[in-house]
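Lettering of chains follows the sequences in order, A, B, ..., and the numbering in each one begins at 1. Here the structure is a predicted model, which is why all the values come from computation and not from measurement.
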Amino acid sequence: MSAESVPINHEQEPASPKRRGISDLAKREERLAYVLLIPTLIILFVIAFYPLGSVFYNSLSDRRFASGQESHFIGLANYSNLLSLKIVELQPEVDDTGQVVVDPDTGEIDYPPAVSVLPREPRRYRELAQFGLLGNRYVIGATDPEFVRAIYDTVAFTVITVALETVLGLGIALVVNSKFKGRGMMRVVMLVPWAIPTAVSSRMWEWMFKDTRAGFFNILFQDLGLSNGQIPFLVDQAWQLPAMIAIDVWKTTPFMALLLLAGLQLIPSDLYEAADVDGAGKLRQFWSVTLPLLRPTLAVALVFRTLDAIRVFDLFQIVLQQKRYSMASFAYYRLIDGQLMGYSSAASVVIFVIIFVFAILYIRMLGVRND
Amino acid sequence: MLNRKKLTLLGLLVILALLFAACGGDAEPTEAPVGEEPVDEEPVVEEEPTEEMMEEEEPPAEEEPAGEEEPAGEGEEITLRVLAGNVGQELALTQAAAERYMEANPNVTVEVVDTPDFVQDRLGVYLQLFEAQSPEGDVFQIDVIWPGDLAEHFVDLNEYGAAEVAGDHFDAIIENNTVDGALVGIPWFTDAGLLYYRTDLLEKYGFDAPPATWTELEEMAATIQEGEREEGNQDFWGFVWQGNAYEGLTCDALEWVSSNGGGTIVSPDGVITINNEAAIEIVDQAAGWVDTISPPGVTGYGEEDARAVWQAGNAAFMRNWPYAYSLGQAEDSAIVDMFDVSPLPAGEGGSPAATLGGWQLAVSRYSEHPEQAADLALFMASAEEQKIRAIEGSFNPTIESLYQDEEVLAAAPFFGSLFDVFTNAVARPSTVTAPQYNETSTLFFNAVHSVLIGDMDAEAAFAGLELDLEDLLGFETGAP
């Protein structure tokens with residue numbers, strides 16, 4: 001900072017006779033500043049820019065992972081294969097006389113399979129979804145529906161888990177911030193889920209979600225009379241995401257609580273005393289004192305958790321494998337299945353961009369700025 | 001202002017320099033696998049960070065290619081790492097074999113490394129080691145479908161004395177493991193899908209033989225399931241198998257399709273045959289098992305999930321590999337002496353098919369002690385060791401003479417009675433589609449999985465699969 005501010009200052013007095021002398025000194029200082037910056041820059045380059053650069057470079061090629069096969073520069077083809085979407089109208093089935101075919105049982109109009117209308121050249125579009133609008137029927141085609149689905153699932157996962165974790169984490173933080181017997185113990189116990197490695201806790205939850213009555217949740221649901229004890233939580237598409245969200249909330253709420261607890265402890269207690277004197281109730285104190293003062297901490301915690309949740313990998317890879325992907329596990333399985341280094345690098349760059357967008361949104365929204 | 005600009009410019013320059021240097025070093029690490037040091041790759045710009053970078057990045061590439069290493073001398077202490085599987089008793093048996101090898105070779109320490117159960121994840125571990133050309137692994141347990149895809153990372157075992165023993169093994173497996181004349185893996189055990197059935201329950205419900213067709217199996221499973229549930233076992237299911245979206249489903253589904261006369265996805269002469277009536281019919285039939293005679297969660301089952309249900313006595317039939325036999329007879333099993341194995345059922349008008357499985361031992365090209373590692377691999381795949389594995393773990397030997405061995409037959413009688421099943425097993429199309437077998441298989445199991453979970457019917461799934469395979473492989477389509 002000082003290296004920058006010095007030259008800027010003396011530039012405001014141009015052509016002064018003293019300029020040369022100061023400038024020499026400033027230059028020397030500047031040089032020193034650069035020298036001192038070098039270790040930081042090196043570390044930054046080694047651990048941040050090099051990997052990122054090489055991923056980006058790979059994403060423009062058809063390089064195969066762990067293979068001596070020659071790779072070629074293919075421009076943005078990987079990206080267009082990942083992300084191309086197309087909406088095509090589906091014409092109803094017509095019989096020989098030109099009449100629209102209607103299913104005699106349901107009274108609904110018959111449509112041909114979506115494959116027949118989606119383009120195949122130069123790239124094949126697969127069916128992602130269908131929807132009706134103004135009496136017409138449309139198909140959304142995607143060149144890689146699995147990736148589009150992975151983006152959707154990951155964003156949904158992120159929004160829901162972060163929201164739940166914030167609310168629950170704040171509740172827990174408020175509890176362990178108040179004075180009661182065994183508070184120190186409580187704070188330690190609270191951290192247990194966070195301390196267990198994800199690989200272990202994922203397995204544990206996988207067993208609890210077992211599809212037979214060997215699983216905790218199936219027993220629970222059956223005892224509550226909600227099911228016959230045979231719900232395949234990790235296979236049923238409607239249950240997969242809720243299961244993932246449950247695991248993540250259980251695991252990461254303590255982390256959120258810890259961050260927020262640190263924020264709560266920064267709030268001076270005399271503010272509450274003053275509020276008491278003024279006659280503000282506990283609820284009013286929370287809204288008018290606690291929450292505003294907690295905002296900076298909350299913002300940091302939200303950014304942390306959101307960016308972490310978007311690149312969720314371990315949970316999905318361990319529990320769902322190839323049944324359903326997060327963006328990161330999609331990239332991993334493309335790398336392994338087809339040794340598609342270029343393609344999965346492109347997927348990783350897309351993840352990077354999405355994270356970047358979220359980061360900027362947060363900074364704008366929450367005013368996380370230094371100045 | 002000027003200075004700030006300069007700084008930015010400098011920063012940009014350094015980043016660019018780094019990019020070029022990094023990419024140059026990274027883009028062709030495996031192109032010259034033997035003996036070439038990448039010294040000529042000078043960093044483009046002389047910035048300090050760049051040099052630091054190159055230092056950081058070079059060691060893996062600098063690693064001396066293995067082939068030229070001296071074999072370990074008598075007294076030299078060396079460590080070999082075996083990357084092995086851990087399904088059922090696999091790991092314990094491999095560790096015992098390693099102990100025996102270390103006793104005979106006191107200067108060698110053998111570390112057995114556990115790898116993931118799911119084949120795809122195990123492949124992921126291997127590929128990461130190969131990409132880094134890491135000497136961390138010496139002996140790799142590789143699947144029967146991998147020699148074609150991974151050949152470039154393994155030494156030719158014929159050069160290390162495997163040529164003399166190769167003749168003892170089944171010809172078909174040796175052929176499968178030979179890529180361009182090089183033997184990339186020594187067969188360790190072979191596998192074929194089998195039908196496990198409960199002899200006591202079949203008798204109880206008046207069936208005198210295991211089912212010969214899938215429809216018969218359906219009927220028998222439904223009857224037994226209904227009866228057992230009426231008697232109070234609400235957790236009982238008729239038939240368990242591997243339905244998760246992974247390589248195991250490719251094996252199971254290939255058995256259905258092939259046993260119904262629907263071909264083998266891609267024929268050995270390179271024709272995409274999967275989109276046919278017989279295949280569609282049988283996969284639709286299989287989708288009907290989910291939540292009727294099979295648990296709704298079966299579409300998330302791997303081998304061990306199926307075995308857990310079966311071995312607890314909660315299933316009448318199971319499709320699995322031979323390893324489950326000795327575990328079913330172990331002390332902690334609920335079904336000791338209450339089950340037997342038979343060939344899998346066939347479709348109407350087809351003949352039974354069992355997918356060929358099995359694992360080989362390969363020696364990494366990047367190993368520091370390839371000679372000793374090859375010796376270890378050949379020891380572990382020798383007739384004596386295979387016999388121990390056959391008796392203790394019911395792992396099928398790949399050495400033909402062991403199928404006449406009395407001790408082996410006493411421990412696993414079906415080795416004798418089902419000998420034909422093992423020798424006539426149906427291979428997955430890994431040779432014809434190499435090096436794209438994994439992608440082929442992923443497309444196939446995803447298509448079948450989407451039918452099993454009710455996303456679409458088999459007709460639509462296979463029509464799409466056919467197009468995908470055409471795009472991927474560039475082969476013609478045709479009838480099986």
Side-chain heavy-atom pair A:Lys323, B:His449 within 4.5 angstrom cut-off: yes
Are the side chain of B:Glu152 and the backbone N or O of A:Gly68 linked by a donor-acceptor pair below 3.5 Å? yes
For a side chain to side chain contact (heavy atoms under 4.5 Å, CB included) check, start with the C-alpha distance between B:Met456 and A:Glu127, then their side-chain angles and the critical distance, and finish with the verdict. CA-CA 11 Å; B:Met456 53 175 98; A:Glu127 180 181 347; over 6 Å; no
Does CG in A:Asp223 sit with more than 12 non-hydrogen atoms of other residues, nucleotides or ligands closer than 6.0 Å? yes
Is the CD atom of B:Glu459 crowded by more than 12 outside heavy atoms at less than 6.0 Å? no
Is it the case that A:Gln317 and B:Asp121 place a side-chain donor and acceptor less than 3.5 Å from each other? yes
Heavy-atom distances under 4.5 Å only: say whether B:Thr299 touches chain A with side chain, backbone, both or neither. both
Identified side-chain hydrogen bond (donor to acceptor under 3.5 Å, both in side chains) partner of B:Asp471 from the options A:Arg120, A:Arg123, A:Arg124: A:Arg120
Chain A contact via B:Tyr301 - side chain, backbone, both or neither, heavy atoms under 4.5 Å: side chain
Under 4.5 Å from any heavy atom of chain A - which part of B:Asp235: both
Answer with side chain, backbone, both or neither: which region of A:Ile231 has an atom nearer than 4.5 Å to a non-hydrogen atom of chain B? neither
For chain A, which candidate among B:Pro295, B:Pro435, B:Gly243 shows the most heavy-atom pairs at distances under 4.5 Å? B:Pro435
Per-residue contact mode, B:Ile453 against chain A (heavy atom under 4.5 angstrom): side chain
Of all heavy-atom pairs between A:Gln322 and B:Phe445, which one has the smallest distance, and what is that distance? OE1-CZ, 3.6 Å
Gap between atom CD of B:Glu131 and atom CD of A:Gln339 - 0.5 Å precision: 9.5 Å
To the nearest 0.5 Å, how far apart are CD in B:Gln234 and OG1 in A:Thr212? 13.0 Å
Starting at CD of A:Gln321, measure out to OH of B:Tyr246 and round the result to the nearest 0.5 Å. 9.5 Å
Turns out that what part of B:Asn314 lies under 4.5 Å from chain A's heavy atoms comes down to neither
Is chain B contacted by the side chain of A:Phe233, its backbone, both, or neither, given a heavy-atom distance below 4.5 Å? neither
With a 4.5 angstrom heavy-atom cut-off, is it the side chain or the backbone of A:Tyr332 that approaches chain B, or both, or neither? side chain
Rounded to the nearest 0.5 Å, how far does CG of A:Leu118 lie from CG of B:Leu467? 10.5 Å
CG of B:Asn438 to CD1 of A:Ile336, rounded to nearest 0.5 Å, is 9.0 Å
I need the minimum non-hydrogen distance between A:Pro232 and B:Gly297, along with the two atoms involved. CB-CA, 3.4 Å
Would you mind checking which part of B:Gln128 comes under 4.5 Å of any heavy atom in chain A, side chain (CB onward), backbone (N, CA, C, O), both or neither? both
